[in-house]
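In what follows, a structure is listed as structure tokens, so that the remarks can point back to it.
Reckoned from all heavy atoms, side chains included, excluding hydrogens, waters and symmetry mates. Just so we're on the same page: letters track the sequence lines, and every chain starts at 1. The shown structure was predicted, so the numbers you read here are calculated from the model rather than taken from an experiment.
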Number of protein chains: 2
Amino acid sequence: MTDLLETAKPMRADARRNRELILAAARELLGSEKADAQIDEVAARAGVGVGTVYRHFPDKEALLGELVRERFIRFNARLQEAIEDESAAPFDALAGALRRNAAESASDAATRRALMSGSERVFAHAEAEKEEFLRLAEVLVGRAHRAGELREDFVASDVPMVMCGVCSTMGKRDAGWEWERHLELVLRGMRPSG
Amino acid sequence: MTDLLETAKPMRADARRNRELILAAARELLGSEKADAQIDEVAARAGVGVGTVYRHFPDKEALLGELVRERFIRFNARLQEAIEDESAAPFDALAGALRRNAAESASDAATRRALMSGSERVFAHAEAEKEEFLRLAEVLVGRAHRAGELREDFVASDVPMVMCGVCSTMGKRDAGWEWERHLELVLRGMRPSG
DNA sequence: GGATAACATGAGCTACGATTCCGCTTAAGG
DNA sequence: CCTTAAGCGGAATCGTAGCTCATGTTATCC
């Protein structure tokens with residue numbers, strides 16, 4: 001979990017910049033095109049040497065892990081916004097957050113891949129954020145339940161579950177797979193029966 | 001597509017047996033435990049040398065491909081049964097087939113993995129079966145539509161899409177992910193609104 | 001400016017897993 | 001039985017990708 005309370009001495013300016021360059025390169029490379037992409041490519045793309053990558057991240061999984069962590073932070077921001085939005089009906093607030101997060105995931109193959117075939121090692125880096133995600137989801141689910149707008153048997157951990165399901169079908173438009181329809185299907189299934 | 005019309009000369013008895021041993025070993029090894037498992041392990045498990053594996057399958061993907069092909073054949077059998085079952089209501093026939101296929105997939109991590117992160121190469125081996133799957137799905141979807149039991153905007157290609165989604169959430173019971181509930185959620189979403 | 005601790009570099013090391021190759025074995029036909 | 005071609009074994013090869021390290025560079029502080 002990074003460094004609690006900035007105990008660490010501030011990085012040298014060039015080091016901080018390189019760190020960002022590396023993350024950006026990794027996002028671009030893993031995010032859109034190539035499924036895997038090796039460290040050497042990330043380094044080249046960032047305009048630094050491989051050694052520099054390893055100075056900032058102990059190993060490949062740490063780099064991937066940081067990407068996942070960032071993604072969760074964004075996910076959580078969406079949920080937080082939904083929680084703070086008093087104007088929307090509880091179910092719609094939840095649904096909106098899911099739609100927004102799904103849309104973001106659609107353009108980030110890297111994290112999707114990481115979220116799926118989830119190597120524990122990678123996930124470990126985002127443990128705190130993952131827990132926060134569940135906590136926020138619980139709030140939204142609870143409200144929707146109380147408003148009677150969400151099936152009784154829908155639980156907070158179903159939120160990441162269905163998100164995972166929808167994400168797994170992204171990027172296959174050529175087979176006629178439209179994740180937007182998939183998501184709407186799931187959202188309908190979440191409504192109370194009768 | 002194997003050999004059209006058995007044009008090939010019959011294999012030697014031991015060769016045929018070994019081929020089956022190899023497939024069985026691959027199913028067991030990739031199917032349940034280990035995520036990957038290398039050829040050497042499959043060979044050892046089958047009680048043959050690596051060379052023998054390569055005599056029967058040009059490369060690893062061909063072996064995986066055969067596994068996927070077998071799985072699709074079973075999937076298709078379920079759909080076929082649903083089509084032939086006159087007693088069930090159209091939607092229930094479709095839903096039943098999905099439930100059965102999902103249950104089978106749940107105990108076959110190998111194919112699930114292959115179906116997901118779908119390397120085209122692996123899939124190519126099951127092209128014919130994949131098309132047959134869609135053809136059968138179309139029949140069931142068409143019937144359910146005509147009976148007014150399925151949302152108008154649900155199309156045949158949504159069948160593999162939602163299956164993929166549900167499969168992607170299997171094997172994470174420890175996180176509270178129950179694919180059965182996930183599937184039921186999706187099935188509810190498939191029903192006509194109103 | 002100069003000292004120095006951080007930081008960067010990238011050739012090369014290492015591990016690992018897919019695939020090959022060739023001498024040996026054996027099923028199957030006569 | 002004997003021949004022989006199909007089949008087998010598994011050590012050795014090859015390619016790849018993660019990672020290390022000895023050497024060179026530079027931000028930062030005085």
For this session: Using whole Å, report how far CD of A/Gln38 lies from P of C/dG12.
Result: 19 Å

For this session: Please determine if B/Arg78 and B/Glu104 form a salt bridge, counting it only when a charged side-chain N lies under 4.0 Å from a carboxylate O.
Result: yes

Exercise. Taking NZ, NE, NH1 and NH2 as the nitrogens, is one of them in B/Glu132 or B/Arg135 under 4.0 Å from a carboxylate oxygen of the other?
Worked result: yes

For this session: Measure the distance from OH on A/Tyr54 to P on C/dT14 and round it to the nearest whole Å.
Result: 16 Å

Problem set entry | Nucleotide C/dT19, atom C1' - distance to CD1 of B/Ile22 in whole Å | 15 Å

Exercise. Below 4.0 angstrom, N of the basic side chain to O of the carboxylate: do B/Glu66 and B/Arg69 qualify?
Worked result: yes

For this session: May I have the distance from A/Ile39 (atom CD1) to C/dA15 (atom C1'), rounded to whole angstrom?
Result: 16 Å

Problem set entry | Closest to side chain of A/Val50, choosing from D/dC19, D/dG10, C/dA18 | D/dC19

Exercise. Taking the nucleotide of DNA chain D with the closest heavy atom to each, which residue, B/Met11 or B/Asp40, is nearer the 5' end?
Worked result: B/Met11

Problem set entry | Any A/Thr52 side-chain N or O less than 4.0 Å from OP1/OP2 of C/dT9 | yes

Exercise. Quick one: A/Asp14 CG to D/dC29 C1', roughly how many Å, whole number?
Worked result: 15 Å

For this session: Rounded to the nearest angstrom, tell me the gap between atom CG in B/Leu21 and atom P in D/dC8.
Result: 10 Å

Exercise. Should the pair B/Glu184-B/Arg99 be classified as a salt bridge under the 4.0 Å nitrogen-to-oxygen rule?
Worked result: yes

For this session: Using a strict cut-off of less than 4.0 Å between a Lys/Arg side-chain nitrogen and an Asp/Glu carboxylate oxygen, indicate whether B/Asp59 and B/Arg121 qualify as a salt bridge.
Result: yes

Exercise. When we call it a touch if two heavy atoms are under 4.0 Å apart, what does A/Val48 touch: a base, just sugar-phosphate, or nothing?
Worked result: sugar-phosphate

For this session: For residues A/Met190 and A/Asp158, determine if any side-chain heavy atom of one lies less than 4.5 Å from a side-chain heavy atom of the other.
Result: no

For this session: Report yes if at least one side-chain N or O of A/Asn18 is closer than 4.0 Å to OP1 or OP2 of C/dA8; otherwise report no.
Result: yes

Problem set entry | Contact list for DNA chain C against residues 55-65 of chain B - heavy-atom distance below 4.0 Å | B/Asp59, B/Lys60

Problem set entry | Under-3.5 Å donor-acceptor pair between B/Arg12 side chain and C/dA28 base | no

For this session: Flag the pair B/Arg173 and B/Glu180 as a salt bridge only when some basic side-chain nitrogen lies within less than 4.0 angstrom of an acidic carboxylate oxygen.
Result: yes

For this session: Specify the separation, in whole Å, of atom CG of B/Asp36 and atom P of C/dG17.
Result: 8 Å

